[in-house]
Amino acid sequence: AVLFDAASGTRVNLSELGADARRVRADYAEHRTLSFDPSGRYLAYLRRSGAASSVVVRTLESGTERVIAAGAGEVFRLRLSADARHVVLEALREDTNHNGKLDWPAPEETARSSACERAALPKFRSFGYQGRGDALTRAVIALDTGALRDVPQLVTTLGASLLLRETDGSLQLDQAGKRTPLSPANCGARVLFADAERGLVLGTCTPPPPKKKNGAATPTPGGKREVWLFGAGYSKNLQSELYETSLDRESVTGVRLVPLYPGSEASVLDLERRELLPLATGSRVLATSGALALIWRDSDLYRYDAAA
């Protein structure tokens, strides 16, 4: 693995520094142990020294590095949070399949002798593995203190806090070990969007069960979920519905407008004002920047300004 600075033309051979550059057999995925923050100021990578592993956070401008022990077992994947406050790990702590070794959930990609070497398999391919390897444990390194802690309930980092999901389905904010509720258990929230700067979570909640009318069969629950905006001590029903998703999104920074498409309608959520703003029917948001959005509708492009 070589780090190339396009501005200065300098190169750093990370492999010579002990970087674990092994890849996992999973196409269309980010590298498992190399992670830049969105601002381009930092690089986090995994360094191996014998059986021990360390997380290294490199300041790209100066080249200085901070080394933090990764704990017991083996790190399968790491990611630097969007605001560069945390490094999130997925680690193999125990031999849960009892075969005497630690196994990745997907096999290692065979190393090529040359970067220009053609792959043995067709270019367009996909791999899927179920029930393979040992159980992964999520862990977090707080870069302000260097403290490492295992957090199996972690959903995503959220500024200085951690967003956790309890066994009852509720979401909690954890700051230095102190937890406060964010969404109730009966919501069963899934994270559509998380704003690390404002500490806001856009989530979908399970709606109340449909009411049974006299003499009628029990209505079948719909596949849509209510859209809510949550923050510390704050919740707001945005009066919108989206189809259910089983995935949680990681937190981001630098975003104010979030597009939503409930059915044929379109709207944007202004995180600064905490309001859902409707768009004309048929609108599609192509890009956003601060309070501005580029919208395509019919055969025309429009400049949308949420602050106007």
Side-chain angles (χ1 to χ4, degrees), residues 1-3 12-26 29-38 41-60 62-109 111 129 132-165 174-177 196 248 250-251:
V2 176
L3 178 65
V12 177
N13 192 323
L14 297 177
S15 297
E16 292 180 353
L17 298 178
D20 180 358
R22 293 175 297 166
R23 302 184 66 92
V24 67
R25 187 173 294 176
E30 297 177 351
H31 195 281
R32 49 176 285 274
T33 56
L34 298 171
S35 178
F36 293 92
D37 75 305
R41 297 173 58 197
Y42 304 101
L43 166 69
Y45 69 93
L46 189 68
R47 177 178 291 167
R48 298 176 71 198
S49 178
S53 295
S54 301
V55 174
V56 181
V57 179
R58 183 182 182 91
T59 303
L60 297 176
S62 64
T64 58
E65 293 188 337
R66 183 182 180 189
V67 183
I68 304 168
E74 182 176 357
V75 174
F76 172 66
R77 193 184 303 276
L78 67 75
R79 179 187 52 78
L80 187 59
S81 67
D83 55 7
R85 289 176 181 242
H86 302 89
V87 177
V88 178
L89 310 178
E90 293 182 20
L92 303 167
R93 297 296 194 207
E94 299 179 2
D95 176 21
T96 57
N97 62 8
H98 308 292
N99 67 348
K101 59 180 180 178
L102 295 176
D103 295 313
W104 290 1
E108 180 183 347
E109 182 73 278
Y129 304 93
R132 184 189 190 280
D134 294 300
L136 292 172
T137 297
R138 302 200 82 185
V140 178
I141 298 173
L143 293 180
D144 57 346
T145 63
L148 167 69
R149 54 185 286 222
D150 286 354
V151 191
Q153 311 99 319
L154 180 70
V155 177
T156 185
T157 60
L158 196 68
S161 303
L162 305 178
L163 182 62
L164 312 182
R165 175 174 289 112
D174 180 302
Q175 188 162 15
D248 294 302
E250 300 285 349
S251 63

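We use all heavy atoms of the structure for the numbers below, so side chains are in, but hydrogens, waters and symmetry mates are not. Here the structure is a predicted model, which means the values were calculated and not measured.
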Backbone N/O of Ala1 and side chain of Ser15: donor-acceptor pair under 3.5 Å: yes
If you look at every heavy atom in Gly71 and Arg93, which pair is closest and at what distance? C-NH1, 3.6 Å
Please determine whether the number of non-hydrogen atoms from other residues, nucleotides or ligands lying under 6.0 Å from atom CZ of Arg132 exceeds 12. yes
Quick one: which of Ile68, Leu80, Leu78 gives a side chain to side chain contact (heavy atoms under 4.5 Å, CB included) with Ile141? Ile68
Sub-3.5 Å donor-acceptor pair from the side chain of Thr156 to the main-chain atoms of Ser251, do we have one? yes
Please say whether more than 12 non-hydrogen atoms of neighbouring residues, nucleotides or ligands are located less than 6.0 Å from CD in Glu108. yes
Do any N or O atoms from the side chain of Arg47 and from the backbone of Leu17 form a donor-acceptor pair under 3.5 angstrom? yes
Are the side chain of Arg32 and the backbone of Val24 linked by a donor-acceptor contact shorter than 3.5 Å? no
Please answer whether the main-chain N or O of Gly100 pairs with a side-chain N or O of Asp95 as donor and acceptor at a distance below 3.5 Å. yes
Spacing of Ser161 atom OG and His86 atom NE2 [to the nearest 0.5 Å]: 8.0 Å
Minimum-distance pair of heavy atoms, taken over all atoms of Val55 and Ala70: CG2-CB, 4.2 Å
Do His31 and Tyr45 touch side chain to side chain, with heavy atoms closer than 4.5 Å? no
When every non-hydrogen atom of Arg48 is compared with those of Ser53, the smallest separation belongs to CG-OG, 4.0 Å
Would you give the length of the straight line joining atom CG of Leu143 to atom CZ of Arg66, rounded to the nearest 0.5 angstrom? 6.0 Å
If we ignore hydrogens and angles and just use 3.5 Å, is the side chain of Ser54 paired with the main-chain N or O of Val67 as donor and acceptor? no
With side chains defined as the heavy atoms from C-beta onward, is the minimum distance between Tyr42 and Leu60 less than 4.5 Å? no
Any donor-acceptor N/O pair, Asp150 side chain to Ala139 backbone, under 3.5 Å: no
Taking everything shown except Glu65 itself, do over 12 heavy atoms lie less than 6.0 Å from its CD? yes
Search all heavy atoms of Leu162 against all heavy atoms of Leu154 and return the closest pair with its distance. CB-CD1, 4.0 Å
Which pair of non-hydrogen atoms, one from Asp174 and one from Arg149, has the smallest distance, and what is that distance? OD1-NH1, 3.1 Å
Residues Arg77, Leu136; criterion side-chain contact (heavy atoms from CB on, under 4.5 Å); working and verdict: CA-CA 10 Å; Arg77 193 184 303 276; Leu136 292 172; over 6 Å; no
Between Glu30 and Arg79 (salt bridge meaning N to carboxylate O under 4.0 Å), is one present in this structure? no
Main-chain N/O of Asp103 paired with Asp134 side-chain donor or acceptor, under 3.5 Å: yes
Could you tell me whether a side-chain N or O of Asp20 sits under 3.5 Å from a main-chain N or O of Leu46, the two making a donor and an acceptor? no
Check: Arg85 side chain, Thr157 main-chain N or O, donor-acceptor pair, under 3.5 Å: no
Over all heavy atoms of both residues, which pair between Thr33 and Phe76 is shortest? Give the atoms and the distance, please. CG2-O, 4.2 Å
